[in-house]
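All values below come from the heavy atoms of this structure, side chains included, with hydrogens, waters and symmetry mates left out.
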Number of protein chains: 2
Amino acid sequence: MASDDDPVPDMRGVALVDVLRAVADPIRLRIVQTLADGRQHGKCGTHWNFGVHKSTMTHHFRILRQAGLTRTTVAGRTHAIELRRDELDARFPGLIAALIAEPGGRSHRSAVGDEAYGRHPR
Amino acid sequence: MASDDDPVPDMRGVALVDVLRAVADPIRLRIVQTLADGRQHGKCGTHWNFGVHKSTMTHHFRILRQAGLTRTTVAGRTHAIELRRDELDARFPGLIAALIAEPGGRSHRSAVGDEAYGRHPR
DNA sequence: CGAACTGTTGGATGTTCGTCATACCGTCAG
DNA sequence: CTGACGGTATGACGAACATCCAACAGTTCG
């Protein structure tokens, strides 16, 4: 059943709709798209300068991990995150490939450095 | 920009994350999977006996249409719904194909006739 | 040791979402 | 015309969600 604090849930227990819900967020989608290069990425500022708070990023990383999308390895005081590409491709063929092929069409909601992410600007 | 009551939004203005948000719901995902046979389907009881209210289905159909996934044609007093397969495949290659290949793995949340859909049983 | 760094945890808050119930409107059959 | 049918509109309600802030914990380095 993959309890709440499992390091990574068993991919056989992951439903498609759970993966979709995890990826149906602008920030998390971009994380997955970035992670799709196969390499590991840190969790800190350099890569991910969305305009959100540190703990918000922790929240998104947890959502992705609990949905079975990512794996986290701890190295000293930095954590590295990685896409579970092989397992995902085995269970959901073509899904990741379809996610990383974001079309550049004239669409609102521009890229990262922009504002417009804050749902709760306060 | 595809105003709120457009019959169908322009596919060029549809972002991937919008499609994902539309599909990240158990009922709507099953609708899309069913619609993926290419045929038209009515909106009424026979096909879609999820355990939800009539107006809830209207809500889900509107989400799908506004996200650019479906097209509705009115025929007398019945409405037919249809997946915009060609346009979707052109803009998001492989996405629909990945969505309809739901793996049957040992997963919770069985098919339709079951309960477990009601998030708000009251 | 102590300070800086990296990340998590636990509220708190406002928004969005899925659902239902009721009322409403257009279409077709009698 | 009147009623049944198919579907929509509106409003309400609770759960889930994204976000922030402050406090905390493990690591590395001076």
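In this structure, NE2 of His53(B) is placed 17 Å from P of dG11(D), rounded to the nearest angstrom. Look at CZ on Phe61(A): it is 15 Å from C1' on dT19(D), rounded to the nearest Å. Rounded to an integer number of Å, the gap from Arg62(A) CZ to dG10(C) C1' is 10 Å. If you measure from atom CG of Asp25(A) to atom C1' of dT16(C), you get 12 Å, rounded to the nearest angstrom. Spacing between atom CE of Met57(B) and atom P of dC17(C) amounts to 18 Å, rounded to whole angstrom units. Rounding to whole angstrom units, NE2 of residue His60(B) and P of dT8(D) are separated by 13 Å. In this structure, CZ of Arg65(A) is placed 12 Å from C1' of dG7(C), rounded to the nearest angstrom. Atom CD in Gln66(A) sits about 10 Å away from atom P in dC17(D), given to the nearest Å.
Considering only the side chain of Ile27(A), dT19(D) comes nearest among dA21(C), dG7(C), dT19(D).
Checked by atom type and distance alone, the side chain of Glu82(A) never pairs as donor or acceptor with a backbone atom of Leu35(A) at under 3.5 Å. Between the side chain of Arg84(B) and the main chain of Val8(B), no donor-acceptor pair closer than 3.5 Å is present. In terms of modelled atom types and a separation under 3.5 Å, the side chain of Arg28(A) and the main chain of Ile63(A) share no donor-acceptor contact.
Ring pair His41(B)/Trp48(B) is tilted by interplanar angle, where 30° to 60° counts as tilted.
Taking each heavy atom of Ala98(B) and Gly94(A) in turn, the nearest pair found is CB-C, 3.8 Å.
Comparing Ala24(A) and Gly76(A), the nucleotide of DNA chain D nearest to each residue sits closer to the 5' end for Ala24(A). Heavy-atom nearest nucleotides on DNA chain D were determined for Ile63(A) and for Thr72(B), and the one closer to the 5' end corresponds to Thr72(B).
Listed pair Arg21(B) / dT16(C) fails the phosphate criterion, with no side-chain N or O lying under 4.0 Å from OP1 or OP2. OP1 or OP2 of dC20(D) sits under 4.0 Å from a side-chain N or O of Thr56(A). The shortest distance between the side-chain N/O atoms of Arg77(A) and the OP1/OP2 oxygens of dC29(D) is not below 4.0 Å.
Residue side chain Ser55(A) reaches the base of dC21(D) through a donor-acceptor N/O pair under 3.5 Å, judged by distance alone. Put simply, the side chain of Lys54(A) and the base of dG7(C) share a donor and an acceptor less than 3.5 Å apart.
Residue contacts for His59(B): at a heavy-atom cut-off of 4.0 Å it reaches a base atom on one of the strands shown. Contacts of Thr58(A) with the nucleic acid, taken as non-hydrogen atoms under 4.0 Å apart, include base atoms. Heavy atoms of His79(A) sit under 4.0 angstrom from primed sugar atoms or phosphate atoms, though from no base atom.
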